[in-house]
Amino acid sequence: MLGAPETAGSESGACPGNIVDEPESPPRDRETLDPRDWRAFRAEAHRMLDDMLDYTEHIRERPVWQPVPHQVREAFHEPLPRKPNTLASLHARFMRQILPYAVGNAHPGFMGWVHGGGTPIGMLAEMLAAGLNANVGGRDQMPVEVERQVVRWVRELFHFPDSASGLFVTGTSMANLIAVLVARTAAAGAGVRRQGIAAGGQRLAAYTSEDAHSCIAQAMDLAGLGSDALRLIPVTGDHRIDPGALEKRIARDKRAGLTPFFVAATAGTVDTGAVDDLAAVSGIARRERVWFHVDGAYGALGMLAPDIAPLLAGIEQADSLAFDFNKWGQVPYDAGFVLVRDGALHHQTFASPAAYLRRESRGMAAGSPWPCDLGPDLSRGFRALKTWFTIQAYGTRQLGAMISRTCALARYLKQSVEREPALELLAPVALNIVCFRYRGERADEINRNIVADLQESGIAAPSTTTIGGKLAIRAAIVNHRTRESDLDTLVQAILAFGSAYSHRSSRACAL
Ligand SMILES: *Cc1c(COP(=O)(O)O)cnc(C)c1O
């Protein structure tokens with residue numbers, strides 16, 4: 001089932017049940033897009049569900065990733081289809097041409113970047129949400145109430161007041177952008193929405209660390225403030241923002257006539273998992289009267305784990321917080337979230353006064369404010385349902401234990417690295433990310449090749465990053481399916497590939 005790349009059009013006759021249509025049927029026969037034969041459709045639907053449950057149950061037996069064969073890629077260059085295809089044939093194509101060639105973040109050997117593994121419960125909730133086809137922009141409906149329930153849980157988890165607002169978004173990139181926009185309203189007033197930032201004559205400046213995610217600079221760009229107005233503050237040896245350097249830079253900008261308005265601390269940097277000293281940054285922000293934002297894309301949900309939560313002390317003081325349920329929370333993609341302490345200001349930043357006046361106190365137009373008043377999206381899907389299912393099904397205790405376990409696994413990998421003379425640890429392990437490398441001459445090149453070999457072999461999928469100018473193998477243990485034996489396999493494979501490269505290069509030198 002793994003290999004066998006298939007080209008398009010090879011599954012004629014793959015549909016004994018004739019699920020949807022004879023290709024010859026004239027279009028006027030079809031009144032709706034629903035199946036004509038619900039019984040046959042149901043049988044195919046059950047096979048599709050079984051296939052995805054099999055995929056998850058037996059995922060260990062698969063390679064983490066495999067390169068997409070040329071013919072498979074080519075199969076997706078077909079012309080716009082005019083005639084219907086059977087559901088069974090499309091299902092077969094999915095199984096043969098799409099499923100085997102995904103990035104593999106559901107696999108326990110996936111340690112690249114910071115991707116969540118998903119759960120079968122989340123998958124089922126996605127199916128329910130799609131079946132309902134809810135548009136959760138607003139109106140008086142339970143899907144909006146489910147989102148509000150999750151907002152209340154998030155407030156409770158991060159010790160925010162009842163007046164705080166929250167919103168599901170695609171991911172932390174969007175959540176960070178929303179935070180910058182609300183902070184812009186705080187600094188320049190709601191008039192900035194009509195007049196633009198230039199009208200106020202202020203030159204706003206923002207701050208984050210050198211190790212912060214690039215989407216914060218992008219948020220400054222998209223907000224019209226310019227990425228140059230984001231100051232990248234140096235980090236200390238443990239990859240956390242240097243609070244002294246932050247204070248100095250703010251003072252220097254004030255002397256130069258700029259208005260510092262926003263500081264973003266990171267709870268779990270994407271490279272090393274470092275957590276900025278949130279309480280220290282919060283103190284500076286309060287003294288300087290600038291907005292205190294936390295990019296907690298993956299790390300914020302560490303609040304669920306009693307042993308990790310103390311590292312996040314100060315997060316409860318944030319003016320805004322961005323994070324993803326789809327990373328450490330294991331909710332299927334996508335499920336980003338933004339929490340804003342001052343819900344009224346959040347509302348002022350996005351609500352359209354004209355739309356607001358049309359709201360009613362009864363009927364379907366009741367119950368505002370609505371989610372669409374808190375962000376740029378009007379129509380939006382039901383991300384809250386898969387999140388609600390995940391939190392209800394596991395409870396915070398089990399989710400927290402899973403998060404703690406990924407950190408324990410990272411410490412286990414760190415110890416394995418420290419035990420191996422051929423390996424070198426390149427950064428402290430604060431949470432669940434381990435950066436290390438195979439020692440030797442031309443180490444950057446060798447380690448880049450080792451990572452590509454690992455990925456192509458399908459054994460494990462770490463990624464690379466640069467730490468202090470050195471290319472590092474970066475293993476981010478986010479997946480709840482990963483266990484110690486997966487890390488043993490990773491280390492053994494790195495040693496094997498690494499030693500092959502060293503021998504090759506020493507032979508090359510001898511020649
Ligand atoms: C993943 C990540 C982001 C980006 O989040 P998306 O959901 O991919 O948009 C931002 N910051 C940090 C620290 C991250 O780990």
Side-chain angles (χ1 to χ4, degrees), residues 103 105 110-118 122 154 166-181 206-223 227 230 232-233 235 238-241 262-278 281 293-303 308 311-312 315 318 320-339 375-377 380-381 383 386-387 403 406-407 410 427 430-435 462-465 467 474-479:
V103 83
N105 49 300
F110 187 92
M111 300 160 199
W113 306 276
V114 176
H115 286 17
V154 171
L167 184 74
F168 274 99
V169 290
T170 41
T172 292
S173 301
M174 178 56 91
N176 282 335
L177 171 60
I178 288 177
V180 166
L181 290 168
Y207 307 82
T208 195
S209 92
E210 280 171 347
D211 279 18
H213 197 278
S214 59
C215 68
I216 297 178
Q218 189 200 43
M220 290 291 288
D221 157 13
L222 295 175
S227 52
L230 180 68
L232 298 182
I233 306 301
V235 292
D238 52 4
H239 295 271
R240 305 161 90 199
I241 193 168
F262 181 85
V263 55
T266 305
T269 61
V270 74
D271 274 344
T272 66
V275 180
D276 286 339
D277 184 339
L278 303 180
V281 177
H293 175 69
V294 174
D295 175 354
Y298 88 84
L301 285 182
M303 284 296 272
I308 308 297
L311 301 175
L312 303 171
I315 203 167
S320 54
L321 169 65
F323 69 95
D324 287 328
F325 280 108
N326 50 250
K327 288 180 172 173
W328 244 353
Q330 315 292 335
V331 171
Y333 281 80
D334 48 29
F337 198 91
V338 61
L339 181 69
D377 294 319
R380 45 202 295 286
R383 297 184 182 103
K386 57 193 172 185
T387 308
I403 285 171
T406 61
C407 295
L431 297 174
N432 59 334
I433 298 180
V434 187
C435 292
S463 51
T464 59
T465 191
I467 304 284
R474 174 175 164 287
I477 299 147
V478 186
N479 191 307

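Both ligands and their constituent atoms are indexed starting at 1 by order of listing.
- Side chain of D271 to main chain of I467: no donor-acceptor pair is present (N/O by atom type, distance under 3.5 Å, no hydrogens or angles).
- Just one of D221, L232, D295 meets the side-chain contact (heavy atoms from CB on, under 4.5 Å) condition when paired with I216; it is D295.
- Proximity of a side-chain donor or acceptor of R240 to a complementary backbone N or O of T266 within less than 3.5 Å is not detected.
- Judged by distance alone, with hydrogens and angles left aside, the side-chain atoms of H293 form a donor-acceptor pair with the main-chain N or O of S320 at under 3.5 Å.
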Extract all N/O-N/O pairs under 3.5 Å that connect ligand 1 to the protein, and present each with both atom names and the distance rounded to 0.1 Å.
residue  : atom   : partner : partner atom : Å
ligand 1 : 7 (O)  : T172    : N            : 2.9
ligand 1 : 7 (O)  : D324    : OD1          : 3.3
ligand 1 : 7 (O)  : D324    : OD2          : 2.6
ligand 1 : 9 (O)  : T172    : N            : 3.4
ligand 1 : 9 (O)  : S173    : N            : 2.9
ligand 1 : 9 (O)  : S173    : OG           : 2.6
ligand 1 : 11 (N) : D295    : OD1          : 3.3
ligand 1 : 11 (N) : D295    : OD2          : 2.7
ligand 1 : 15 (O) : K327    : NZ           : 3.0

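- Minimum heavy-atom separation, N326 to Y333: ND2-CE2, 3.3 Å.
- In terms of heavy-atom proximity, P462 sits nearest to R474 at CB-O, 3.5 Å.
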